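Everything below concerns the one structure shown next.
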Amino acid sequence: MSFVIGTAGHIDHGKSTLVTALTGIDPDRLAEEKRRGMTIDLGFAHLRLPSGLEVGIVDVPGHARFIRNMLAGTHGLDAVMLVIAADEGVMPQTREHLEIIDLLDVRRGVVVLSKVDLVDAEWLGLVTSEVNAALKGTSLEGAPLISFSAVSGAGKAELLAALDALLEAAATRLDLGRPRLPIDRVFTMSGFGTVVTGTLVDGTLAVGEELEVVPAGRLTRVRGLQQHNRKVETASPGSRVAANLTGVEKDELERGDVLARPKTLGATRRVDASVRVLASAPQPLEHGVELLLHTGTSEVGCRVIVLEGDEIAPGEHGWVQLYLERPIAAAPQDRFILRVPSPSATIAGGRFVDVSPQKHSRHDGMARESLERRAAGDVLQEELRKYPRGVTVAALVKATLAPEADVAALKARRVGEWLFDAGAWQIISDRATKELATYHGAHPLRQGMAREELRSKLNLPPGSFPSVVGGLSEDGRIAERDGALALPGHRVELHADGGAAAPLLELLSRQPLAPPSLSEATKQAGASAEVVRALAQRGDIVRVGDDVAFTKEAYETAVALVREIISASGSITVAQLRDRMGASRRPVLALLEHLDSERVTRRVGDSRVLR
């Protein structure tokens, strides 16, 4: 088991000195840092606590100019050491770092009162009171205060014991099977190539794995892994990791990129979020304001859409949609910070609720209610509501990263591998019923509506429509007859066209094997094309050509005659059948061509034989 602890605090309060005293490793690796005696970028070290726990340490810069670097180091922390110099007390960056820790909801921490060798007991008491006042109401309220001197080593044992006690109560990082490594450093090593570092979350990485660089989308492979300067074959969630990569160059990666298994983590330019504005914020969070978003190890400009009202006042909570200047890798529940770019100041923070949201209308109460349900843990149901035309189980599970077993508890209609939110299914069902009822009213002599026409009316994709038809049939809402869709109670009523069906059948029956042309018969009977269609669908007549139709009985007689002649002589010609039927060439040729198309007969020269 491994944990990651970060430092926080004002510049020159002894954060890097503390890390060196605890680990023997100087986290300031840049020449400029050593020259100027101040931390500029993230530094890293590691140590084994008295209990045997492995701990990675991320040292952050304290200067206000390097707050962006500080924020990149706060990803994935299990605990924090807030360092406050006893001779100076709480300073501006102490407060801002504490606010950031609070917004990120880091709830395990130790306050280290450094440089205690420079003050007397009375002064230390005053500083202690000031620190407790600053912690009040934050996520570190009640955190242990440890007095420490890097000069004498006083307090080191107590600090190590306090860290042990703190991490002993920490929960083991969950392995969700979808590892994410937000990159905080990229460099090359002679003989190895590209190396990245970061704090691994949500899953285990192994040597040889193929990974995707998000948001760029390029693929790479893990050539080697290190934890605490030791080679490992696998790295567990919650640990500091260095990964040697193949297939990607240093200049193709940057801080803020995330390594993940292919297709498990999406890139987004829009997120819905719950946000809290700091009580100390210099201004409210206004609708439309342009800010800097910090999440994971990335920093990106964003525009804030306040979903209720025109602003969120200092000290208040609210819902926002954030439009990002460029895509970033993000997952639900990720924490973030919002800062004013100039003059730079932390103003708010919160957590992502939906990282692939639809665009909301402002003051949309339903959207806010959906976000509240999603934030309360009803992620799968709320994600399903985003697909009113249906979604496959696999796609829904992938989008929410939820176990497939959870699907059974949804308020949904499942048909095969397709899922429909219960409300959306009701809308589809009612709309289908209405469209078919309207169609039957307009075309009472038709069996039903063509499948493609109903799909178009319902505005459903081709992929989900077969499942919709199957589900509506199971529900008794529609019936399928000869490829047409109808209401279950619909019946073709031939009298609806003025009773022209009977005269038409009588005309075709007068000389059943030598019927008049269909156009002539329908004109004489006063029958419409709808009547002809209805009689054909019902089976009362058989159309063998555009203008030729036989009654059902006549057609059966003619087919039997064709089989009889072929059985006797081996084949049949148009002339032979014309003579036997006593008909003109027109209906006979149409009949034989129809039988060819029905694969009853096959043409050989001028004759037909049975297939």
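Heavy atoms only: backbone and side chains are in, while hydrogens, waters and symmetry mates are out. Just so it is clear, the structure is predicted and the values come from calculations on it, not from any experiment.
The pair K386-E382 does not meet the salt-bridge criterion, since no charged nitrogen lies less than 4.0 angstrom from a carboxylate oxygen. Checked for salt-bridge contact, E474 and R413 meet the test: a charged N lies under 4.0 Å from a carboxylate O. Under 4.0 Å is where a charged nitrogen must lie from a carboxylate oxygen, and between E480 and R451 at least one such pair does. Ion pairing between D202 and R178 holds under the 4.0 Å rule for side-chain N and carboxylate O. Between R477 and D430 a salt bridge is recorded (basic side-chain N to carboxylate O distance below 4.0 Å). Taking the charged nitrogens against the carboxylate oxygens, E530 and R446 do have a contact shorter than 4.0 Å, which makes a salt bridge. In summary, R374 and E383 engage in a salt bridge, as defined by a charged side-chain N under 4.0 Å from a carboxylate O. Look at E209 and R261 and you find a salt bridge, because one of the NZ, NE, NH1 or NH2 atoms lies within 4.0 Å of a carboxylate O, short of that distance. Comment: E372 does not engage R368 in a salt bridge, judged by the lack of any side-chain N to carboxylate O separation of less than 4.0 angstrom. Ion pairing between D596 and R611 fails under the 4.0 Å rule for side-chain N and carboxylate O.
Cation-pi contact between R185 and F187: present, with separation from the ring centre below 6.0 Å and deviation from the ring axis of at most 45°.
Under the 4.5 Å side-chain criterion, counting only non-hydrogen atoms from C-beta, R608 is not in contact with S571. Proximity of V258 to I183: side-chain heavy atoms (C-beta onward) are nowhere separated by under 4.5 Å. Taking 4.5 Å as the limit, some side-chain heavy atom of H360 sits within range of a side-chain heavy atom of L307.
Annotation for L211 and P262: closest pair CA-CD, 4.2 Å, computed over non-hydrogen atoms. Here the closest heavy-atom approach between residue V207 and residue V232 is recorded as CG2-O, 3.6 Å. In terms of heavy-atom proximity, A521 sits nearest to P516 at CB-CG, 4.1 Å. Shown here for P488 and I478, the closest heavy-atom pair between the two residues is CD-CA, 3.9 Å. The shortest non-hydrogen separation linking L293 to L324 is CD2-CD2, 3.6 Å.
Relative ring orientation between F352 and F336 is described as parallel, the plane-to-plane angle staying below 30° on a 0-90° scale split at 30° and 60°.
Annotation: side chain to side chain donor-acceptor pair (under 3.5 Å) contacts involving residues 454-466, sequence neighbours excluded, comprise E452-R455.
Considering OG of S528 and CG of L504, their distance stands at 10.0 Å, rounded to 0.5 Å.
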